[in-house]
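Residue numbering restarts at 1 for every chain, and letters A, B, ... go by the order of the sequence lines.
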Amino acid sequence: MALVGQNGKIGISMLSCKEASTLYLDSHDRPLAFRERLGLRMHLMVCRLCPRFADQMNLIWRACAQAAHQPELLEEHVELPDEAKARILNRLASQNGGTGPGDPSTGAEDSS
Amino acid sequence: MTSNPLSAEPDNVDRHTAASPPSAERWLTAHGDYLYRLALLELRNEAQAEDAVQETLLAALRGYAGFDGRASERTWLTGILKHKIVDIIRRDKREARLDPTPADPDGSPDIDELLFNAKGDWISPPADWGDPDQALEQKRFWEAFATCLKKLPAEMALMFSMREISGMDTAEICKVLEISATNGWVRLHRARLSLKECLEWRWLGKTEK
């Protein structure tokens with residue numbers, strides 16, 4: 001993409017949709033250079049499809065942020081089985097040996 | 001920003017914090033399922049997810065003195081869990097159990113080629129997904145999202161969940177996974193596009209051309 005031609009006039013070769021969408025994804029991971037930002041913004045102004053792509057990715061990113069706090073949204077039917085909880089408490093009791101700071105809990109293996 | 005009616009954390013979860021002593025049993029009851037699901041999202045392996053929870057609680061018991069009570073107990077445990085997950089991934093990497101099939105920047109069909117023509121125009125144009133607030137309240141959306149995430153190849157899914165769900169830095173992830181920055185970028189790029197394309201079909205059923 002060339003923004004400023006040799007004669008000093010501003011001339012712009014548009015980004016392709018593939019380039020624009022890649023820049024949009026990159027903007028999530030690194031700060032874009034000025035030229036990249038400008039090119040992306042101009043592309044988004046004239047393109048009918050890429051703004052949709054941007055909205056799609058924004059939704060995916062929001063969903064990910066939400067899932068980080070509510071993993072049950074994605075692992076709906078998953079629970080830590082009772083047997084696994086009992087196993088964990090047992091192993092903690094033997095590993096920690098009840099020496100933890102103020103640690104009355106580790107004898108409680110047989111939770112039901 | 002989010003208008004989702006489900007609150008992230010019930011108010012009563014931390015009511016014991018001030019008074020009660022650290023208790024693995026209480027933590028398991030209050031946060032066990034939560035921690036296990038988070039671990040499973042990344043590790044995709046039940047035994048490893050169980051290990052991650054166990055190691056988290058062990059570290060929590062030993063380090064309870066360092067918990068200043070400013071964050072909620074759940075937030076504090078989640079922070080420990082993230083480190084334990086990374087430890088497990090590292091260990092796994094060393095024992096080469098992860099990635100039974102090597103990452104294939106050349107092998108699999110390139111998602112870019114499915115989405116764009118040689119000029120870089122969309123050949124699989126993105127559809128209008130409508131109101132995002134509404135989407136995030138749809139059971140159908142979350143089901144499709146979970147399905148699409150599980151359909152990603154293992155190494156892409158790991159890259160994706162470490163970056164997008166766990167929120168780790170890309171450079172940090174590449175170090176843990178012992179891959180080059182370029183390889184990491186390719187995996188993340190493909191994971192994002194594959195997930196988006198999968199959602200087009202699974203969630204909405206692609207209609208617009």
**Study point:** Ion pair check, B:Asp133 and A:Arg62, cut-off under 4.0 Å
**Key:**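 Between A:Arg62 and B:Asp133 there is a salt bridge, with a charged N closer than 4.0 Å to a carboxylate O.
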Check your understanding: Among B:Asp121, B:Asp112, B:Leu149, who wins on heavy-atom pairs under 4.5 Å with chain A?
Key ->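 Highest number of heavy-atom pairs under 4.5 Å: B:Asp112.
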**Study point:** Pairs of heavy atoms under 4.5 Å with chain A: top-ranked of B:Glu46, B:Lys150, B:Glu55, B:Lys119
**Key:**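 Among B:Glu46, B:Lys150, B:Glu55, B:Lys119, the one with the most close pairs to chain A is B:Lys150.
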Check your understanding: If you measure from NE2 on B:His189 to CE on B:Met159, what distance do you get to the nearest 0.5 Å?
Key ->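 Here the rounded value is 12.5 Å.
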Exercise for review: To the nearest 0.5 angstrom, please state how far the CH2 atom of B:Trp185 sits from the CG atom of A:Asp26.
Suggested key: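 One finds 5.5 Å between CH2 of B:Trp185 and CG of A:Asp26.
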Side chain, backbone, both or neither: which part of [X] has a heavy atom under 4.5 Å from chain A?
X: B:Phe145; result: both
X: B:Asp169; result: neither
X: B:Leu199; result: side chain

Review point. Would you call the rings of B:Trp76 and B:Trp27 parallel, tilted or perpendicular, where under 30° means parallel and over 60° means perpendicular?
Key: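 Rings of B:Trp76 and B:Trp27: perpendicular, over 60°.
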Check your understanding: Between the side chains of B:Thr75 and B:Ser72, is a donor N or O closer than 3.5 angstrom to an acceptor N or O?
Key ->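 Yes - a donor-acceptor pair under 3.5 Å links their side chains.
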**Study point:** Polar contact flag, side-chain donor to acceptor under 3.5 angstrom, B:Glu143-B:Trp203
**Key:**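 Absent: no donor and acceptor within the cut-off.
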Review point. Taking A:Leu25, A:Asp29, A:Asn58 one by one, which has the highest count of heavy-atom pairs under 4.5 Å against chain B?
Key: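 Of the options given, most contacts go to A:Asp29.
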Practice item. Find the one option among A:Glu75, A:Glu79, A:Gln56 whose heavy-atom pairs under 4.5 Å with chain B are most numerous. Key: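 Most pairs with chain B among the choices: A:Gln56.
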Review point. Is chain B contacted by the side chain of A:Glu19, its backbone, both, or neither, given a heavy-atom distance below 4.5 Å?
Key: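 Neither part, no heavy atoms under 4.5 Å.
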